[in-house]
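Source: prediction; values computed, not measured. Below, chain A is the first sequence line, B the second, and so on; all start at residue 1. Worth knowing before you read on, the calculation uses all heavy atoms, side chains too, and leaves out hydrogens, waters and symmetry mates.
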Amino acid sequence: MAKLRIATFNINGIRSRLPALLQWLEREAPDIVCLQELKAVDSAFPADQLRAAGYGAVWQGQSAWNGVAILSKGDAPVESRRGLPGFEEDTHSRYLEAAVGGVLIACLYLPNGNPQPGPKFDYKLAWFDHFIAHAAKLFRSGHPVVLAGDFNVVPTDEDIYNPRSWLKDALLQPESRERYRKLLAQGWTDALRTHFGDERVYTFWDYFRRHWDTNSGLRIDHLLLSADLAPRLSDAGVDRWVRGEPHASDHAPTWIELDMKPKRAPQKSTKTKKETGQEPAAKAVQKMPAQKRVRKKSVPVGKSARATASK
DNA sequence: ATGTCGTTCTCGGAACGA
């Protein structure tokens with residue numbers, strides 16, 4: 001499989017939204033999915049239904065609020081971390097990390113932070129700072145990494161229909177935006193912004209004030225790519241049709257497609273199948289079941305993406 | 001402040017978070 005499609009979707013309650021989730025999975029068939037706002041305890045996660053739909057999963061639930069999961073076609077992702085390092089006192093389920101298909105996937109649900117100022121906003125900034133510190137390590141590791149999730153940050157005024165009524169919102173505060181910039185300054189590529197250029201693109205339309213009907217949206221769901229993955233970005237989009245369905249989440253699934261073919265194809269392109277599934281993405285990758293073996297029709301994966309990347 | 005959801009606690013409807 002040369003193309004890897006990775007999506008992030010704040011589902012806003014996986015129990016009440018399961019039919020919508022299954023419908024979307026069937027129709028769009030993403031390879032990897034990061035979910036946020038499960039609003040369900042671990043035992044209520046619909047692992048069986050997802051398995052029946054062809055997806056393995058890892059998840060970190062919590063009663064009533066938060067909750068994150070990573071799904072992958074076929075075998076479940078290999079979890080490498082839950083919760084942010086150095087933030088063990090955090091009681092919210094907001095961060096899950098796993099290896100899938102030779103890529104390390106970080107699924108995050110950054111705190112909303114409203115009302116602002118106040119303790120919730122302080123928590124948002126503290127969480128963000130811990131995440132930035134961890135992201136720096138991930139970036140420096142040189143592994144192929146995607147940071148995907150609901151960042152609860154509108155990066156610029158070009159990422160919202162009109163900032164006027166949101167100026168006091170935590171999603172637009174200078175402190176939030178500054179941290180997002182600081183994160184990108186580590187070297188990450190904002191995939192949606194890179195793909196769409198100057199074009200407006202939204203991922204969230206709140207339930208209030210007919211914002212969906214008037215396309216009054218915000219771009220707060222992001223996918224950030226490590227250095228070696230950035231040149232592999234081949235497509236990106238937002239599955240807006242999901243937001244338009246009855247009983248929808250206030251977010252729409254947001255996705256990227258990565259071309260995982262070797263950057264420089266070997267002259268005769270005759271790599272053996274034995275060479276697939278050996279990409280050293282992370283320690284967890286090495287423990288990962290060789291799920292891609294079933295994809296017999298796929299183009300050989302070849303060596304590591306890093307083999308051609310300059311250091 | 002408001003708007004509208006999904007959740008909990010409890011069994012109708014408030015409170016909370018977003």
Contact class for His247(A) vs. all strands (heavy atom < 4.0 Å): base, sugar-phosphate, or nothing? sugar-phosphate

When all nucleic acid strands are considered with a 4.0 Å heavy-atom cut-off, which category describes Arg15(A): base, sugar-phosphate, or nothing? sugar-phosphate

Which listed nucleotide ([options]) is nearest to the side chain of [X]?
| X | options | value |
| --- | --- | --- |
| Ala64(A) | dT8(B), dG6(B), dA18(B) | dT8(B) |
| Arg209(A) | dT8(B), dG3(B), dA18(B) | dG3(B) |
| Ser63(A) | dG17(B), dT4(B), dT8(B) | dT8(B) |
| Lys39(A) | dT7(B), dA18(B), dT4(B) | dT7(B) |
| Ser16(A) | dT8(B), dG6(B), dG17(B) | dG6(B) |

To the nearest angstrom, how far is [X] atom [atom1] from [N] atom [atom2]?
| X | N | atom1 | atom2 | result |
| --- | --- | --- | --- | --- |
| Arg17(A) | dC5(B) | CZ | P | 10 Å |
| Asp250(A) | dT4(B) | CG | P | 14 Å |
| Phe204(A) | dT4(B) | CZ | P | 14 Å |
| Trp65(A) | dC16(B) | CH2 | P | 9 Å |
| His211(A) | dG3(B) | NE2 | C1' | 8 Å |
| Asp150(A) | dG17(B) | CG | C1' | 13 Å |
| Asp206(A) | dG3(B) | CG | C1' | 8 Å |
| Arg243(A) | dT4(B) | CZ | P | 13 Å |

Measure from the side-chain N and O atoms of Arg17(A) to the backbone N and O of Ile11(A), and report whether any donor-acceptor pair falls under 3.5 Å. yes

On DNA chain B, compare the nucleotides closest to Gly13(A) and His92(A); which residue's is nearer the 5' end? Gly13(A)

Of Val41(A) and His251(A), the one whose nearest nucleotide on DNA chain B sits closer to the 5' end is Val41(A)

Test side chain to side chain donor-acceptor pair (under 3.5 Å), reference Asp150(A), set Thr203(A), Asn112(A), Asn10(A), Asn12(A), output is Asn10(A)

Side-chain donor/acceptor pairs under 3.5 Å, residues 19-28 of chain A, sequence neighbours excluded:
from	atom 1	to	atom 2	distance (Å)
Trp24(A)	NE1	Asp239(A)	OD2	2.8
Glu28(A)	OE2	Trp241(A)	NE1	2.7

Ring-plane angle category for Phe131(A) and Phe128(A), please: parallel below 30°, perpendicular beyond 60°, tilted otherwise. tilted

Roughly how many Å apart are dC16(B) and dG3(B), using the C1' atom of each and rounding to a whole number? 16 Å

Taking only distance into account, with no hydrogens and no angle test, what donor-acceptor pairs under 3.5 Å do side-chain atoms of residues 57-65 of chain A form with protein atoms, sequence neighbours excluded?
from	atom 1	to	atom 2	distance (Å)
Trp59(A)	NE1	Asp42(A)	O	3.2
Gln62(A)	OE1	Asn66(A)	ND2	3.4
Gln62(A)	OE1	Ser93(A)	N	2.7

